[in-house]
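Counting begins at 1 with the first residue of the sequence.
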Amino acid sequence: MGDDAAKGDFDLALGLPASVEGEVITARKAGTITDLELSISPRTQPVTSALRNLAKALNLALKADFLETDLDHIYKASRVQKGTVRVLHKDFIGLGDGLFASIGKTAKSFRLTLQGPDPASPEGEKWVAEHGLSSLTGLLNLFGRKLNFLQEYEDKVPIYVEQTLDRLEARRMIRDWHRNEWKIETTTIGLDIILSPVLHDTLDGQKT
């Protein structure tokens, strides 16, 4: 088994079926999760399974020690909610849902705006850390983003999500990832990501 095995570094696990002879015996590194191949297609399997698998995969992707992504520093968890997968922004986790939660998220968003330009984004967070708090700059930046003079972070989020899922598929964490099967958007308040399954094909504007 070699010196590594003697040192306790040998972590190969053998899976032996207890049934018939002639079965293929597979070996995989103990504890690995990169070959789970979770199917996330809402068309080829039950939607509930696709949602659950997608949420599980995204939770793993958001771990800094698993897969480095552009979402890591801003989004910290995902969950299945009301037929969608919701990825939670770190500044708004724990505020819940409903009317009072929306009021709380609005107040939190306004307080963040007074810190500087788009502080809920990685770029804005870095700017505030380097230049300090600036309410005037934050308000001017907000008006610029809402008037489409400046690019908003949430406009780039769908691209980041697509890249993350591409990487997860390349590492065989997921399979059956098709962009046209998911609608990716952000909430107006709170910047959570919402992934909604698209269950119908569209042909000439008509659902099939």
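Residues Val80 and Arg86 fail the side-chain proximity criterion, which asks for heavy atoms closer than 4.5 Å. Looking at heavy atoms from C-beta onward, Val198 lies in side-chain contact with Arg43 at the 4.5 angstrom threshold.
Residue Thr164 holds its OG1 atom at 7.5 Å from CG of Asp72, rounded to the nearest 0.5 Å. Summarising the geometry, atom CG belonging to Leu58 is positioned 9.5 Å from atom CE belonging to Met173; distances are rounded to the nearest 0.5 Å. We find the OG-NE2 distance between Ser121 and His89 to be 8.0 Å, quoted to the nearest 0.5 Å. A distance of 5.5 Å separates CD in Glu169 from CD1 in Ile174, rounded to the nearest 0.5 Å. We find the CD1-CD1 distance between Ile159 and Ile184 to be 10.0 Å, quoted to the nearest 0.5 Å. Distance NZ/Lys56 to CG/Leu168: 13.0 Å, rounded to 0.5 Å.
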Salt bridge (Lys or Arg N to Asp or Glu O under 4.0 Å) between Arg171 and Glu37: does it pass, once the steps are laid out?
CA-CA 9 Å; Arg171 295 190 64 171; Glu37 295 189 337; over 6 Å; no

Determine whether Thr186 and Asp192 satisfy the following criterion, side-chain contact (heavy atoms from CB on, under 4.5 Å), listing intermediate values before the conclusion.
CA-CA 5 Å; Thr186 56; Asp192 289 349; over 6 Å; no

Quick one, Val157 with Tyr75, criterion side-chain contact (heavy atoms from CB on, under 4.5 Å). Give me CA distance, side-chain angles, the key distance, then yes/no.
CA-CA 11 Å; Val157 166; Tyr75 296 94; 3.9 Å; yes

Dump the intermediate steps for side-chain contact (heavy atoms from CB on, under 4.5 Å) on Tyr153 and Glu123, then the final yes or no.
CA-CA 9 Å; Tyr153 172 68; Glu123 297 88 349; 4.0 Å; yes

Ile74 vs Lys90, test: side-chain contact (heavy atoms from CB on, under 4.5 Å). Steps then yes/no.
CA-CA 6 Å; Ile74 300 301; Lys90 68 180 180 65; 4.3 Å; yes

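The two residues Val47 and Pro197 have their closest heavy-atom pair at CG1-CG, 4.0 Å. Nearest heavy-atom pair, Ala77 versus Leu62, reported as atom, atom and distance to 0.1 Å: N-CD1, 3.6 Å. Contact detail for Ser39 and Asp176: the closest heavy-atom pair is OG-OD2, 2.7 Å.
Between the Thr69 side chain and the Leu71 main chain, a donor and an acceptor come within less than 3.5 Å of each other. A donor-acceptor pair under 3.5 Å links the side-chain atoms of Arg179 to the main chain of Trp182, judged by distance alone. Although no hydrogens or angles enter the test, the distance criterion places a donor-acceptor pair under 3.5 Å between the side chain of Asn59 and the main chain of Ser78. Remark: side-chain polar atoms of Arg175 are not paired, donor with acceptor, to backbone N or O of Leu38 under 3.5 angstrom.
In this structure, a donor-acceptor pair under 3.5 Å is present between the side chains of Glu181 and Ser41.
Annotation for Lys156: atom NZ counts as buried by contact number, over 12 foreign heavy atoms lying within 6.0 Å.
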